Protein chains: 2
Amino acid sequence: METRRDIFQAIADPTRRAIIGLIAITAMTPGDLAAHFNTSRQAISKHIKVLVECEVVKQEVSGREIFYQLDINKMKEVDEWLEKYRCLWEKRFDQLENVLEKLKTKKK
Amino acid sequence: METRRDIFQAIADPTRRAIIGLIAITAMTPGDLAAHFNTSRQAISKHIKVLVECEVVKQEVSGREIFYQLDINKMKEVDEWLEKYRCLWEKRFDQLENVLEKLKTKKK
DNA sequence: TATATTTGCAACCAAATAGTAGCAAGTAAG
DNA sequence: CTTACTTGCTACTATTTGGTTGCAAATATA
């Protein structure tokens, strides 16, 4: 088993997905984030550490506080992976489009 | 920590993503799948078990063989989750569109 | 019937993960 | 300067995960 540290690992945990949802809107400190969960500040800090290692978050130091915000670029990687499969569930729609296209050409 | 068994857990492992990639095209047996990897058949079977529990794959029994194929519906869940964030990386593009739109109106 | 193939399941092991507690460093406020 | 606050880091523990081995059940083939 190798150590995996990528965006797919980052979004596997529901707490981390919740953190992503929060810092997508505004930058937040670990203390602020911890207040939104039932778990301890240290636990949230460890989740943040994973997100930082996966480059899912950007950090900005302001005095003794550290603000974390979502880095959207890594989210694109998931989108690009999904792209390969998207055609599979859009197939029916594409087929419908083909039908419409054929109807158009018939009119000519 | 609770036991998580959802699509995000399913796609966290690179081997499982590879399996998904293979069974998206054609249905395959565990034996066929194992031939594509360096790991044992049992290891692949355990990955398949996870995918089944997450309802990412459909199975069809044919004699003593079991064919597994991708169930695309669960993949949509990831796409729906991403949908909330997609606007964030399309923002710049939208702004560019706005610029182009303004140029158009200026011409009038 | 006897044998080989395909598969799932249970037991077990090593590594990773999630969480807690304590501590040190840096910063703000008295 | 002293005290309080915010944070990251290092053990330490419990749980989960990925993998291997062995075995039994079901199916195909001789």
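Predicted model only: the values in this text are computed from it and were never measured.
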Counting only heavy atoms and a strict 4.0 angstrom limit, can you tell me which residues of residues 47-62 of chain B come near DNA chain D? B:H47
Salt bridge (charged side-chain N to carboxylate O under 4.0 Å, His left out) assessment of A:R41 paired with A:D32: CA-CA 9 Å; A:R41 176 193 66 80; A:D32 289 340; over 6 Å; no
Check whether any side-chain heavy atom of A:N73 lies under 4.5 Å from a side-chain heavy atom of A:K76, and answer yes or no. yes
Angle separating the five-pair end axes of the helix from C:dT1-D:dA30 to C:dG30-D:dC1, nearest 10°, is 20°
Surrounding NZ of A:K84 (heavy atoms of other residues, nucleotides or ligands, distance under 6.0 Å), is the total greater than 12? yes
Gap between atoms [atom1] and [atom2], on [X] and [N] respectively (whole Å):
| X | N | atom1 | atom2 | result |
| --- | --- | --- | --- | --- |
| A:R64 | C:dT27 | CZ | P | 10 Å |
| B:K46 | D:dT21 | NZ | C1' | 12 Å |
| B:I66 | D:dA26 | CD1 | C1' | 10 Å |
| A:I44 | C:dG19 | CD1 | P | 8 Å |
| A:F8 | C:dT17 | CZ | P | 16 Å |
| B:Q42 | D:dA24 | CD | P | 15 Å |
| A:D13 | C:dT17 | CG | C1' | 9 Å |
| B:F37 | D:dG19 | CZ | P | 10 Å |

Worked check of salt bridge (charged side-chain N to carboxylate O under 4.0 Å, His left out) between B:D79 and B:R86: CA-CA 10 Å; B:D79 193 56; B:R86 190 165 293 125; 3.0 Å; yes
On the nucleotide [N], are OP1 or OP2 found under 4.0 Å from the side-chain N or O atoms that [X] carries?
| X | N | answer |
| --- | --- | --- |
| A:R5 | C:dA16 | no |
| A:T39 | C:dA18 | no |
| A:S45 | D:dC9 | no |
| B:S40 | D:dT20 | yes |

Per the side chain to side chain contact (heavy atoms under 4.5 Å, CB included) rule, which among A:I23, A:D71, A:V50 passes with A:V57? A:I23
Classify A:T15 by what it touches in the nucleic acid, base, sugar-phosphate, or nothing, heavy-atom distance under 4.0 Å. nothing
